[in-house]
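The chains referred to below are lettered A, B, ... by the order of the sequence lines, with proteins before strands, and numbering in each begins at 1. Both backbone and side-chain heavy atoms feed into the values below; hydrogens, waters and symmetry mates do not. Bear in mind the structure is a predicted one, so any value in this text is a computation, not a measurement.
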Number of protein chains: 2
Amino acid sequence: MRSIVHTITVQTASGEYPVSIGNALSGSVVKRFSAIFSQRKNVYVLTSPEIWSLWSARLLAALLPLEPVVLFLRSGEQFKRLGEVERLASELAGAGADRSSLLIAFGGGVIGDVGGFLAAIYMRGIDYVQMPTTLLAQVDSSVGGKTGVNLRAGKNLVGSFHHPRAVLADTHVLSTLSTRELRAGLHESIKAGLIRDAALFRFIEKNTPAIDRREPGVLEKIVRASVRMKSEVVHLDERESGLRMILNFGHTIGHAIEAAGGYGALLHGEAVAWGMVVALRISRNRNYLTAAVEERAVRVIVALDPPPLPSFSAKRLLTIASRDKKNRAGSRRFVLLQGIGQAVVVEDVSDAEVTEAIAAAIAMSRARQAR
Amino acid sequence: MRSIVHTITVQTASGEYPVSIGNALSGSVVKRFSAIFSQRKNVYVLTSPEIWSLWSARLLAALLPLEPVVLFLRSGEQFKRLGEVERLASELAGAGADRSSLLIAFGGGVIGDVGGFLAAIYMRGIDYVQMPTTLLAQVDSSVGGKTGVNLRAGKNLVGSFHHPRAVLADTHVLSTLSTRELRAGLHESIKAGLIRDAALFRFIEKNTPAIDRREPGVLEKIVRASVRMKSEVVHLDERESGLRMILNFGHTIGHAIEAAGGYGALLHGEAVAWGMVVALRISRNRNYLTAAVEERAVRVIVALDPPPLPSFSAKRLLTIASRDKKNRAGSRRFVLLQGIGQAVVVEDVSDAEVTEAIAAAIAMSRARQAR
């Protein structure tokens, strides 16, 4: 099957790289990025056992003459740690990886974050290519150059900015993704639409059933629009000093929900879903949004049926949120909406506003469960 | 006591930073770098218990209004590991360090390498200042932006390029350094002279007794010339793609000696001393150097009385050297001399040449012991 391939160029201070999006692209990764693969003595693949059991044949066929060495990281946020990075770096060294080697991160968000960080620090930096296999990774985490791992004290507290040489998002790989993971990733695309692309938001609003069916054209369009939005923002603010902050919409409370639940109860995208519900509520309470617009946005989010929001006390979430690394400088920055596609960063959100909005989100979640 | 302070500006692709060198400078670090310290909410010091027991009063007095939090790393190459970095990052997080915090690395080469790497990856990068307390760190490792830790598989196999905001080299702090450590550090200055600064080499040649007595003017001059040489090379080749390779003079075999001895038998500078003896021998065998020049250079090195070279087999050192990260790309690069102050990088040094030169160095070491 031939398919249309869209390539978006991400421009950064240190150069640019292509993000290619299309159906069943994995098999042509070497041909597509021939300049990156040519003259590589050593190619390494970091992946998860689950992804590898499903898609190794296709990727190995593409990489065949390169005889890649395959490294594994088990699935789950709990393996996104420095201890695992050390193990993987030792495996690279043992397998003879040098500064001219190439690492392919073939998996979801954790594989991309750990693989990118491994590439950032192994011999003070080697090239890598992202091949994201979840919707979350395709629409969000594989673009932007943020890499890193967790500490017990919090998510992504250590890491580097290290851009990949290329990203290849094969939407066909999403066919083996669970509906829950697909929908969790879709929340990041909803976020992309809400903060900066009203057309993307409307497209998702109208196409939820087609997304659940994994219709290739629909998935491609969503990945493309999400990547385009993010690449523009990253280009304008590579080191997150200003505009890039808007990508954090729904994440301040989302991260707190994840931390409070011990990174297990909800997937990242699901926690962000509830975080967006909270941010939308605050935006409405401030009359940044009309009730109708807030309700429309919330409707699209809850239509994806995120698991119930655990009954954390608002106070506990607030405490955790104020530890969030983006809020440490003193003031608590919050991303709110002034309309679909129009984000605004504010610094004066009070504890009372957040508490009220969290309580409202918890009440909404309970009401949905009771039905 | 007032002293003359020399400041050398290191220029890098990402900006520039000052290296200030002088006697008894530590007490004025905040005043000297007021632009870096002003408006800092949180300042952290990474140091070793030994350095802190000797010099804490002076540094704390300088930092007093900032109420720095002090983190400790035990002395020794074996603590230069990712596990320690994780512990220190967790301590930073627990103490409320945020992206606007400043870390001061106050200690020898290991403190500088680990502190720089911690600053490179904590929250994807925070500012840091180097305050090197050993001659080795002052003349070499605190300048250049290379940071990192060891793997079991080899030294500095993971790390980052992350430049400090400033370096302050207080030669008075060298007064508490053991003679062995002082001399080990001096080998890096001899290297600086041999590869690119004949006047520095002659100065060391003439002033070894004054160095042992820690004469401030002599130490300052050596640190200054060494830093100037290194900053020029780093400016011209920040990412070690060409010229910077010459800094590796004596290091290919030096690293192998360290690795073979388990990083305990010889200090880094002492291993480099023997590595330089080997490289000088190869240079002479190739008629790049006259016998007289080789002997003169060797005389200055062995006058510092490095501990005997353990009787590794030449084959073992060669095997380890070919695993060295700078030699993985296939060819074995070697830095040789064509005269005092004139380094040359060659790629065609044969195993036989290295074997002969290692055997000669071992024989010389044995002959010195037998005397």
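Partner Val233(A) forms a side-chain contact (heavy atoms from CB on, under 4.5 Å) with one of Leu243(A), Val143(A), Ile195(A) and no other, that one being Leu243(A).
The neighbour count for Arg74(A) CZ, taken as heavy atoms of other residues, nucleotides or ligands under 6.0 Å away, does not exceed 12.
Between chain A and the options Leu82(B), Ile121(B), Val85(B), Val149(B), heavy-atom pairs under 4.5 Å are most frequent for Ile121(B). With chain A as the partner, the residue from Gly125(B), Gly148(B), Ser90(B), Ser101(B) showing the most heavy-atom pairs under 4.5 Å is Ser90(B).
A side-chain donor-acceptor contact under 3.5 Å links His268(A) and Glu188(A).
Only the backbone of Thr147(A) comes within contact range of chain B, judged by heavy atoms closer than 4.5 Å. Within the 4.5 angstrom heavy-atom criterion, only backbone atoms of Ala120(B) (N, CA, C, O) approach chain A.
Below 30°, between 30° and 60°, or above 60°: for His163(B) and Tyr17(B) the angle between ring planes is between 30° and 60°, a tilted geometry.
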